[in-house]
Amino acid sequence: MPSSSPLAPSASFPPVIPRRVAVIGAGAGGLAAARELRREGHRVVVFERGGSVGGTWVYTSAVESDPLGLDPARKVVHSSLYDSLRTNLPRESMGFLDYPFVSRHRRGDGGGGGGEGDPRRFPGRREVLRYLEDFARDFDLYRLVRFWTEVGQVEREDDGRWAVRSRRVSGGDGGEESEVYDAVVICNGHFTEPRVAEIPGVDAWPGKQMHSHNYRVPEPFIDQVVVIIGSSASAHDISRDISSFAKEVHIASRSASDGTPTKLPGYGNVWLHSMVESAHEDGHVVFQDGSSVHVDVIMHCTGYRYHFPFLETNGIVNVDDNRVGPLYKHIFPPELAPCLSFIGIPWKVIPFPMFELQSKWVAGVLSGRIALPTQEEMMEDVKAFYLQMEVAGWPKRYTHNFSGLQFEYNDWLAHECGYPPMEGWRKQMYAATTANKIALPESYRDEWNDDHLVAEADRDFQKFL
């Protein structure tokens, strides 16, 4: 088992103050948090309502009984993975900083099972889950996780500690348990609670609506006319996935022009439209470009909402138009810092390395090794960021959209923790992949021109393998 990281802090620090910390969620963020908290000397318990690590990377064929996934009373499925999913980032850039996402053979894996895996540079979902399982095994994190345990409430006590109420959802009597922790780190992900587009007239429209949260395989769409709303990675992938079975696929996107609908190059039955304008009782859907189609299914590939139904802060932390706030550096609520924190809130990022750096910071702050600004200073920083967004015309719902911000943010976190900036090759590889997606949208996962960066990453990985 790897016991330490060659990425050591650049300075020595006084002894840490160990705390009892609850981590909510055993996905990539929760695993990163558990490892860094334990490295810092804290006593960690990870609550996971499922039966395995991996979070959003745990595939299930099950879907919600509510196709839109909006009814909380029927919310039983966490994962939003579809069967054919491949990563849209190359594996070299995806991995944790000191645990390269290389093939299992190269990591010297002799006992994890699962065969040779998927060696592709942009692998499928199974390979990512195997990587996270190997990470949890190699750093002995499984023993920290309480599987099949759902957190029902997290609330601050009068003495500043946190009461965590949980219950066993499988293999137990279902009774609740209440425990007190010095700190809580929330890592429950944000790919479970769907957001849907508002469509005038859709309540009278006779077809089926669903969210991509409930998409798994393309066969159910055979001979159907499907509208896909969205321009995200899931809209791109799912539209291509179902095109071999559906009669027609119509992609409605804000990024499309308002001109005449165009056929997607290389596909005989996929059209690109501007956004949906309205839906009608006769089954037709009208687009802003003036075209209309008789449609069987509308699939919303429109993203997700942040959702913390278990968290009680008396209004200190809230979610408003998908802004979780106020959060200092998207992690600490100033009034509740450092004993409440969030890992993994930003999006449009390379997630695993960011989770790792956020977790290092949280762990160091909790131990007293790293100092936070005062509550007032943190709140002023949050307000300044909100004002900067407002001046730039950035909508509130994009508060945590880190497109163009992630590397400055990651390097700031690394500096706070006494670590070097993120590797240059990783930043360049992200930029190269982004450009390649635009140039080769249908084949960027299998054609690229940044082999020199792959070679540089491989040289860097040698000290960890």
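Since the model is a prediction, treat every value here as computed from it, not as a measurement. This chain uses plain numbering: 1 for the first residue, then up along the sequence.
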Can any side-chain N or O of [X] pair as donor or acceptor with the backbone N or O of [Y] at less than 3.5 Å?
X    : Y    : answer
R125 : L81  : no
R216 : A62  : yes
H400 : I345 : no
N188 : I24  : no
N322 : Y306 : yes
H273 : H250 : no
Q406 : E408 : no
E40  : H42  : no
W394 : Y398 : yes
H211 : E193 : no

Ring pair (Phe, Tyr, Trp, His ring centres under 6.0 Å) between F191 and H78, intermediate numbers included: CA-CA 8 Å; F191 295 105; H78 177 75; 9.4 Å; no
Could you state the interatomic distance from [atom1] ([X]) to [atom2] ([Y]), rounded to the nearest 0.5 Å?
X    : Y    : atom1 : atom2 : result
H300 : L68  : NE2   : CG    : 5.5 Å
R126 : D118 : CZ    : CG    : 9.0 Å
R49  : S170 : CZ    : OG    : 14.0 Å
D83  : S61  : CG    : OG    : 9.0 Å
D296 : Q224 : CG    : CD    : 5.0 Å
R254 : T302 : CZ    : OG1   : 9.0 Å

Candidate pair V164 and F310, rule side-chain contact (heavy atoms from CB on, under 4.5 Å), full reasoning: CA-CA 9 Å; V164 177; F310 51 82; over 6 Å; no
Hey, does [Y] have a side-chain heavy atom less than 4.5 Å from the side chain of [X]?
X    : Y    : value
V44  : V46  : yes
P90  : M429 : yes
T87  : P123 : yes
V21  : V184 : no
L336 : R156 : yes
Y419 : N410 : no
R305 : P194 : no
Y409 : Q358 : yes

Side chain to side chain donor-acceptor pair (under 3.5 Å) assessment of Y444 paired with N88: CA-CA 9 Å; Y444 72 91; N88 60 0; 4.9 Å; no
Residue E281 excluded, over 12 heavy atoms near CD under 6.0 Å: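 At most 12 heavy atoms, drawn from other residues, nucleotides or ligands, come within 6.0 Å of this atom.
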Neighbour count above 12 (heavy atom, 6.0 Å) for E198 CD: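 No, CD of E198 has 12 or fewer neighbouring heavy atoms, counting only those of other groups under 6.0 Å.
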Side chain to side chain donor-acceptor pair (under 3.5 Å) assessment of S359 paired with E356: CA-CA 5 Å; S359 297; E356 181 178 350; over 6 Å; no
Salt-bridge test for [X] and [Y]: reply yes if a basic N is under 4.0 Å from a carboxylate O, no otherwise.
X    : Y    : value
K396 : E390 : no
D98  : R35  : yes
E133 : R130 : no
D237 : R445 : yes
K329 : D381 : yes
E416 : K360 : no
K427 : D411 : yes
R323 : D320 : no
E179 : R146 : yes
R121 : E92  : yes

Aromatic ring proximity Y99/F464, centre distance under 6.0 Å: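 Here the rings of F464 and Y99 have centres that are no less than 6.0 Å from each other.
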Centroid separation F332 to F342 less than 6.0 Å: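 No, too far apart.
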Ring pair (Phe, Tyr, Trp, His ring centres under 6.0 Å) assessment of W425 paired with F461: CA-CA 12 Å; W425 62 258; F461 291 163; 5.6 Å; yes
Aromatic ring pairing H213/Y304, orientation class (parallel under 30°, perpendicular over 60°, tilted between):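 If you compare the ring of H213 with that of Y304, the planes turn out perpendicular.
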From CA spacing to verdict: ring pair (Phe, Tyr, Trp, His ring centres under 6.0 Å), F385, H330: CA-CA 10 Å; F385 179 71; H330 305 264; 5.2 Å; yes
Trace of the side chain to side chain donor-acceptor pair (under 3.5 Å) decision for S278 with H280: CA-CA 7 Å; S278 58; H280 299 269; 2.8 Å; yes
Between H236 and S234: side-chain donor-acceptor atoms closer than 3.5 Å: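 Not at all, the side chains of H236 and S234 share no donor-acceptor pair under 3.5 Å.
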Between W347 and N401: side-chain donor-acceptor atoms closer than 3.5 Å: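 Looking only at side-chain atoms, N401 and W347 do not form any donor-acceptor pair under 3.5 Å.
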Residues V276, Q288; criterion side-chain contact (heavy atoms from CB on, under 4.5 Å); working and verdict: CA-CA 6 Å; V276 170; Q288 291 175 358; over 6 Å; no
Steps toward salt bridge (Lys or Arg N to Asp or Glu O under 4.0 Å) verdict (E127, R91): CA-CA 10 Å; E127 181 78 353; R91 64 194 306 150; 2.7 Å; yes
Test side-chain contact (heavy atoms from CB on, under 4.5 Å) applied to V249 and R240, step by step: CA-CA 9 Å; V249 179; R240 278 69 169 174; over 6 Å; no
Passing option when R165 is tested against E312, Q153, E150 for side chain to side chain donor-acceptor pair (under 3.5 Å):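 In the set E312, Q153, E150, the residue that makes a side chain to side chain donor-acceptor pair (under 3.5 Å) with R165 is Q153.
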side-chain contact (heavy atoms from CB on, under 4.5 Å) assessment of V285 paired with F287: CA-CA 7 Å; V285 170; F287 299 90; 4.3 Å; yes
Evaluation steps, ring pair (Phe, Tyr, Trp, His ring centres under 6.0 Å), between F101 and F352: CA-CA 10 Å; F101 186 13; F352 298 177; 7.5 Å; no
